[in-house]
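Numbers here simply count residues along the sequence, with the first being 1.
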Amino acid sequence: MMKIDILTLFPEMFKGILNESIMKRAQEKGRFHYNCIDFRSYSTNKHHKVDDYPYGGGAGMVLTPQPIFDAVEDITTESKDKPRIILMCPQGERFTQKKAEELANEDHLIFICGHYEGYDERIREHLITDEISIGDYVLTGGELGAMVVMDSVVRLLPDVLGNHESAPLDSFSTGLLEHPHYTRPKDFRGMKVPEVLMSGNHAWIEEWRMQQSLKRTYYRRPDLLDELSLTNSQKAYVETLIRTSDHDKKS
């Protein structure tokens, strides 16, 4: 069972996402459990302050190291495993599906969610194992980012999703964007489901899905193709997309 500890000043923010849908199901199946910790309770300041003005001046307040160090040490004192301690930070590594798959193999994750202007640098240098950013923008705090990472990790744990094929076929899991999906009715307001999907020929269907994934990736995220080792047939299909695209531009 995976253990997730969340250090935050706003533990109430996590109740909705952790107690609904897939996250709730994962807990019921015993795949993970979590603990939200208000690290303000670890402050030794008589007013329970967790932030202070930055040395050297500047705008905003900076989280002090003492409450966070003490909270992590308390969590890990009797722990037999070596947790991944994750700092949610816009300066961190861009979060990807590959990173989610890596973290899903861990037994214990600790998320540090900051607020204010930033963290005392000693937290970053001497406490954490990972810095993660969910995108090139700044949020009010690390809570929303931690929720995103947790959701993407927990859904990869064994037996969490109903269909064992769901996670491996997700967008980015194969390196490509996922192919289109259709369901009933087969004709909706004149918009019809592709015939190949109703053919019953699984080889044709798989080929169509792969081509659609390549096509969607080429037009929406061509940068992803540069990172993949494509088969000869996949390369040939991408080349037809390039020729078609070049022709359309010249027309």
Side-chain angles (χ1 to χ4, degrees), residues 2-23 26-27 32-43 45 48-55 58-76 79 82-104 106-157:
M2 175 182 280
K3 179 182 179 182
I4 299 178
D5 289 301
I6 309 151
L7 302 185
T8 173
L9 295 174
F10 303 96
E12 295 295 317
M13 290 180 66
F14 288 87
K15 286 188 175 180
I17 187 173
L18 290 169
N19 294 299
E20 298 289 345
S21 188
I22 297 297
M23 301 291 272
Q27 292 176 74
F32 91 104
H33 68 92
Y34 75 92
N35 186 25
C36 278
I37 301 158
D38 184 347
F39 61 84
R40 188 183 299 277
S41 63
Y42 285 88
S43 174
N45 180 279
H48 299 292
K49 287 185 62 178
V50 296
D51 63 315
D52 211 331
Y53 294 103
Y55 279 120
M61 304 290 280
V62 176
L63 286 174
T64 59
Q66 177 270 314
I68 294 176
F69 268 80
D70 284 3
V72 171
E73 288 168 0
D74 187 34
I75 293 169
T76 58
S79 180
K82 187 176 181 181
R84 295 284 283 271
I85 304 174
I86 301 165
L87 189 72
M88 300 307 304
C89 175
Q91 302 171 31
E93 169 190 355
R94 174 89 61 94
F95 188 60
T96 63
Q97 184 68 18
K98 183 178 180 180
K99 188 71 173 182
E101 292 166 0
E102 175 189 326
L103 294 176
E106 298 292 334
D107 294 323
H108 187 186
L109 302 178
I110 299 175
F111 289 90
I112 300 176
C113 307
H115 261 67
Y116 313 115
E117 183 63 23
Y119 307 93
D120 185 290
E121 188 67 15
R122 287 164 290 190
I123 297 170
R124 194 189 311 273
E125 291 182 346
H126 301 288
L127 187 62
I128 67 159
T129 61
D130 301 82
E131 291 183 61
I132 290 180
S133 167
I134 62 169
D136 295 340
Y137 48 86
V138 179
L139 297 170
T140 304
E143 284 78 12
L144 293 175
M147 292 176 196
V148 169
V149 176
M150 289 170 57
D151 183 272
S152 64
V153 169
V154 168
R155 67 190 303 279
L156 296 175
L157 299 179

Under the side chain to side chain donor-acceptor pair (under 3.5 Å) test, residues paired with Arg40 that sit two or more places apart: none
Please enumerate all residues that pass side chain to side chain donor-acceptor pair (under 3.5 Å) together with Asp38, with sequence neighbours excluded. none
Strictly distance-based, threshold 3.5 Å: is any side-chain N or O of [X] a donor or acceptor partner for the main-chain N or O of [Y]?
X      : Y     : answer
Ser133 : Glu93 : no
Ser43  : Pro67 : no
Gln27  : Leu18 : yes

Which pair of non-hydrogen atoms, one from Pro83 and one from Thr76, has the smallest distance, and what is that distance? CG-CG2, 3.7 Å
State, to 0.1 Å, how close Cys113 and Phe39 come at their nearest heavy-atom pair, and which atoms those are. O-CE2, 3.7 Å
Considering only NZ, NE, NH1 and NH2 on the basic side and carboxylate oxygens on the acidic side, decide whether Lys15 and Glu12 come within less than 4.0 Å. yes
Looking at Arg122 and Glu125, is any side-chain nitrogen of the basic one under 4.0 Å from a carboxylate oxygen of the acidic one? no
Do [X] and [Y] have side chains that get closer than 4.5 Å, going by heavy atoms?
X      : Y      : result
Lys82  : Thr129 : no
Tyr55  : Val62  : no
Met13  : Thr8   : no
Pro65  : His126 : no
Thr64  : Asp120 : no
Met88  : Leu139 : no
Asn35  : Ile75  : no
Ile112 : Tyr119 : yes

Interatomic spacing from [atom1] in [X] to [atom2] in [Y] - rounded to 0.5 Å:
X      : Y      : atom1 : atom2 : result
Phe95  : Leu103 : CZ    : CG    : 6.0 Å
Arg124 : Glu131 : CZ    : CD    : 4.5 Å
Leu9   : Asp51  : CG    : CG    : 8.5 Å
Leu156 : Gln97  : CG    : CD    : 5.5 Å
Leu157 : Phe32  : CG    : CZ    : 8.0 Å
Gln66  : Asp52  : CD    : CG    : 12.0 Å

With salt bridge (charged side-chain N to carboxylate O under 4.0 Å, His left out) as the test, would you mind laying out the steps for Lys98 and Glu101 before giving the verdict? CA-CA 5 Å; Lys98 183 178 180 180; Glu101 292 166 0; over 6 Å; no
Worked check of side-chain contact (heavy atoms from CB on, under 4.5 Å) between Ile134 and Met147: CA-CA 10 Å; Ile134 62 169; Met147 292 176 196; over 6 Å; no
Which residues pass the ring pair (Phe, Tyr, Trp, His ring centres under 6.0 Å) test with His115, sequence neighbours left out? Phe10
Show your working on side-chain contact (heavy atoms from CB on, under 4.5 Å) between Met150 and Ile17 and close with a plain yes or no. CA-CA 10 Å; Met150 289 170 57; Ile17 187 173; over 6 Å; no
Got a sec, which pairs hit salt bridge (charged side-chain N to carboxylate O under 4.0 Å, His left out) with one end in residues 136-149, sequence neighbours left out? Arg94-Asp136
The single option from Ile85, Ile86, Ile4 passing side chain to side chain contact (heavy atoms under 4.5 Å, CB included) against Ile110: Ile85
What do you reckon, is NZ of Lys49 surrounded by more than 12 foreign heavy atoms closer than 6.0 Å? yes
With sequence neighbours excluded, what pairs up with Asp5 under the salt bridge (Lys or Arg N to Asp or Glu O under 4.0 Å) test? Lys3
Residues in side-chain contact (heavy atoms from CB on, under 4.5 Å) with Glu106, at least two apart? Arg84, Leu109
